[in-house]
Each structure stands twice: as structure tokens, then as C-alpha cells.
Amino acid sequence: MIARADPPALSVSGVTKRFGGFVALDSVSLEVPEGSITGLIGPNGAGKSTLFAIIAGFLPPDRGTIRLRGEDVTAEAPWRLHARGLARTFQIPRLFPRMTVVENLMVAAPNQSGERLPAPWLARERIRREEEALRARALSVLERLNLARHAEAPATALSGGQKKLVELGRALMSGASVILLDEPAAGVNRTLLREIAQIIAALNREEGITFLVIEHDLDLVADLCTRVWCLAEGRVIATGSMGEVRNDPQVAEAYLGMTFDVH
Amino acid sequence: MLAFVNFYLLPGLVLGAIYALSATGLSLIYGVMRFAHFAHGDLLALGAYCAFAASTSLGISVWASIPFAAAATIPAALVADALFYAPLRRSLPAVLLISSFGVALMLRALIYFFFGPTPVTFPRPIVPPLVFEGVRIQARHIWIILGAALCAFMLHLILSRTRAGRAMRAMSDDPDLARISGVATAAVIRLTWIIAAVLVAVAGVFLGLDTQLQPVMGFNVLLASFAAAILGGIGRPWGAAFGGVILGLAEECSTYPLVDGAPLLQPTYKSAVAFVVLIATLLLRPQGLFRGMI
């Protein structure tokens, strides 16, 4: 008997991207199962960030398709994907610098009737109530991210790691069910890193949010991810658990010169 | 001292209030759409003339004709955006600037076509000024200052308290990030035009009320408005309002006879003040007083 499996949260098939003569991605296929935390690793220049950009609709692929829960979303505009529940964070956090932390979150909530016409002063009471509910939601997300005490601080006052958390918060505010994290650990101190890892694991466990994580900190990947895909020179060279991938000779070769600090 | 207040300070405040209204809109447009809207002055003139048409043909007061001014500038701005700016949204700011210059010429041609080149005046009774302890001020000037302050306050509420305002600030901080964060950018752009068009319509009526209406009235205040917006830090509406007041005061006070009864600057050269402020700002503090976007 064949069980009809649900489509994976995200599937990438045959994605190719060239920049001039340089092949950044060469027929890459991978899957992110629903409810998983999946890792995407590989040496610098492997094409990980290009793949992220293509999945999130920032770059069109030359060939290949991206499916979100079975639906073809190839080259769909980023804000459409956002509305469908796919959000991303950036390697270097990008926040609205002249807004407060809580405002940064509030702006990411979908379906904001106050942004549209009729003008805000026509339905003031309703908008005020929506606004309060939205602020309360943003504050509860900040609570969850351990940032509640910074709610009214300007976004620029946060540390790099805290900014990464705000980006994650923005993804949560949008109601995203699939979140792409671009190097959540880069440049983050150890203490905050552990906190970020716990938050990601908790969101995955409690809210069923699916994550695809680019990360160079392989310890973190080993801790968080149930499955890992390894890219090198634009191709998938290995997949499996972190333990399996680590022992793959091709992966070792791709990472030649890098040592795995794992015991 | 009284003469200074009556003939320099108060007129400077009135002019400053008008500049502030026009510059705030410019700054808002720059913030959300990132281009220098050269048709702003002619949009102002269009608003003034439509208010003039409404108040003369319907026999209503100038104040009551402000909605008619806005009823002309809002669709004009939205149509110009849809036809001429939206298709160029992704091109260089200079292209949009030139395109808005074209829109400015079109609007001015419309005004010439319907109203002719001769200056006209709002129908208004000649009333003696109000006198408080020797300070003489026309009632209409009080209303202009209060009206501009009210507009600035409303704008502040919109920007700081509403989602629309937050979305506008988000777009002015990082338009791409705003777009991917799900901000309805098209709607925010429309709303920005509507707000700027209302502000500039009010500015047009006020300017016409202060002096008279002529087809180039808007173009004449455009430079001062840009100077005010840049002085306050372009893209920062509050800064633009402040810059407008400073500029209005500077222009009027520049002719004050400080030494030997001769004006500091011949009134003919008054409009050069805006140039000087503009150049000085760009040289000394290009980001503006309140740290704008350039």
C-alpha cells in the first residue's frame, strides 16, 4: 500500500542559475520536509545564498522550479511569497533604522487595513482597536524572543545578534510557516547564540514552523537540524543527518582545510 | 521693535507656514518614492486656481473652497503618478525628476489655458488688521498660521499613530525591505500622494490669500520649498516644516533695515535667500538639520 505523503514544505528541483559564464547553481534539487529544521551547509561560494535568494523570490532561476507545499511559486514576487507564509532573514540583519523595535515588528504584519484606502481617519475606532491588538501581538512576540525590554528602543540600538532576533520576530509577525534563516549564528556571541538556538527549536516544536537554515557553525547545525544538505560549487554533494554528511568524503574534500570541531 | 514684528516677523511666519506646507509634502514624496517632485509648485498653483474658481463661481468663502482645491490636486497627483511616474518607478531618480518637470509644464499650461496669465485675487473684503498692543495682524494671517499648524499636527498624528504612517516611514527607511515585509507599497504610494496633494492645496490657497494668484506662483515657491525640505533633512516631514518656517522668516527678515535705514537686502533679491540657504545647507550640513536621507 502506498501512503500518499503530504508534499514537502519546500521543494527545489533542478534549479540552475548562471551569472555570465559563472554557474552559481547547477541543477540543484532538495527538499525541506514539513515541520523540520533543515540545514543548508557548504563552503563559501557554494551557492547557498543564491539559492536562498531564488527561493525567496529575489532572483529568478534560469531553470528549475520552487514549490511551496506542492504549489509552484517559482520566481513569484517576494511579497507574494511573504503573504503565502514564506519569510526570510538576512545574513546581515536588515531593519528599519528609524523605527523602534516594536514598530519594526508591527510593520511586518499582513493585511493591514490601515495601510490602504479609505484613509485612516474614516474608520478611526476600528483602526485604533486593530492597532492595539497588533501592538499586543508584537509585544508577545518580543517576549518570546526575550527582547521585550527593548521594545521601545530604536532598532539601531540593538546588538547584531539581537537584530537577528528582530528579523526572526518580523518573520513570526507575518505569520510565516516556513522561515529561511541566513546564518543566524554569524557574529553572535556564545550566550545569545544558545538563546537563538533554543528559540528556533521551541518555535519549531511548539508552533510547527519549518526552518531552512544556512549556517557555518556546524555544531549548531548538528544540534538543530534533523536533515542537512551540503552544497559545493553549485551542486548538492551530500544529504542526510549531520553525522552522515560529516563523514562523507566529498564533503570533507569540499571543506578541505576546514576542521570540524565536533567530538 | 513693533515695526520689526509687524512688517518682518509676522509676514515671515505666514510665508514660513506656506513653505512648510509645501515642503512637508515634498519631503514626504521624497521619502516614500525617492525623487524630487518638480511638479509640486504647479500642483500648488492648480489647487489655488481651483479654489479661486470655486469661490468665485459658487460665491463661497475662500476657506470653504479649500476642499475644492484638494479635489483638484488629489486626482491630478494620482493621475500624474499613474501615467508618468509609476512606469518610471524603477529608473533613476533623475529620470523621475525630469518626468515631474514635464508634468509641471503640463499643469502650468492647463492653468494658463483656463485662467489666463493675468494675476487674479481671491474675492475678499478689505478689513482693518487686528491690533494687540501695537502688534497688527490681518485675521487671515492668523488663520494661515493656525491652519498650517493644524495640518502639521494632523500629519504628525498620521505618521506616528497609524499603520499607514508606519508603512510610509518603513518605505522611507528601506523600500525593498518594506516591500518584502508585505507592506502594500502601491497603496502607501497612493496615500502619500493624497496627503501631499492636500497639504499643497492648502498651501496654494494660503499663498493666494496672502498675495495673489498667478500661474507661476507655484514655481516661485518651489525652490524655497526644496530649500526648506533639504534644510530640515529631506525625507523628514517634521524637519521640512521647521525648515519652511526658518526659510520664510529668513526671506522676510533679510530686508530688515538693520543699518542706517537701508534694507539688508533689496526686496528684489529676497528670493535669493532660498538659494543661499540651499547652498549653505548642502555645503555645511548636507544631511540637513534633522539628518535626512542624503
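Proteins come first, then strands; the chains are lettered A, B, ... in the order of their sequence lines, and each starts at number 1.
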Quick one, [X] and [Y] - any side-chain contact, counting heavy atoms below 4.5 Å?
X       : Y       : value
R169(B) : V107(A) : no
F90(A)  : L177(B) : yes
S181(B) : F96(A)  : yes

Exercise for the section: To the nearest 0.5 angstrom, please state how far the CZ atom of R179(B) sits from the NE2 atom of H82(A). Expected result: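 Those atoms lie 13.5 Å apart.
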Exercise for the section: Kindly compute the distance separating CZ (R163(B)) from CD (E130(A)), expressed to the nearest 0.5 Å. Expected result: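 Taking CZ in R163(B) and CD in E130(A), the distance rounds to 4.5 Å.
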Handout entry: Non-hydrogen atoms of I180(B) and P78(A) that approach each other most closely
Key =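 Smallest interatomic distance, heavy atoms only, reads CG2-CB, 3.2 Å.
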For atom [atom1] of [X], is the number of surrounding heavy atoms from other residues, nucleotides or ligands below 6.0 Å larger than 12?
X       : atom1 : value
Y49(B)  : OH    : yes
R135(A) : CZ    : no
I92(A)  : CD1   : no

Handout entry: Contact origin within L95(A) toward chain B - heavy atom pairs under 4.5 Å
Key =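 When you check distances to chain B, only backbone atoms of L95(A) fall under 4.5 Å.
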Practice task
Against chain B, label R94(A) side chain, backbone, both or neither, depending on which of its atoms sit under 4.5 Å from a heavy atom there.
Solution key: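 Its backbone and side chain both get close to chain B.
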Exercise for the section: Check for a donor-acceptor pair, side chain of D173(B) on one end and backbone N or O of R98(A) on the other, with a separation under 3.5 Å. Expected result: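 Yes: the side chain of D173(B) pairs with the backbone of R98(A).
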Exercise for the section: Identify whether the distance between the nearest side-chain nitrogen and carboxylate oxygen of R166(B) and E131(A) falls below 4.0 Å. Expected result: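 The answer is yes: the pair qualifies as a salt bridge.
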Problem - Engaged part of A186(B) at the chain A interface, taking heavy atoms whose separation is under 4.5 Å - result: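 Neither; nothing under 4.5 Å.
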Practice task
Return the option, out of A83(A), P97(A), S174(A), with the maximum number of heavy-atom pairs under 4.5 Å with chain B.
Solution key: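 With the most close heavy-atom pairs to chain B, the winner is P97(A).
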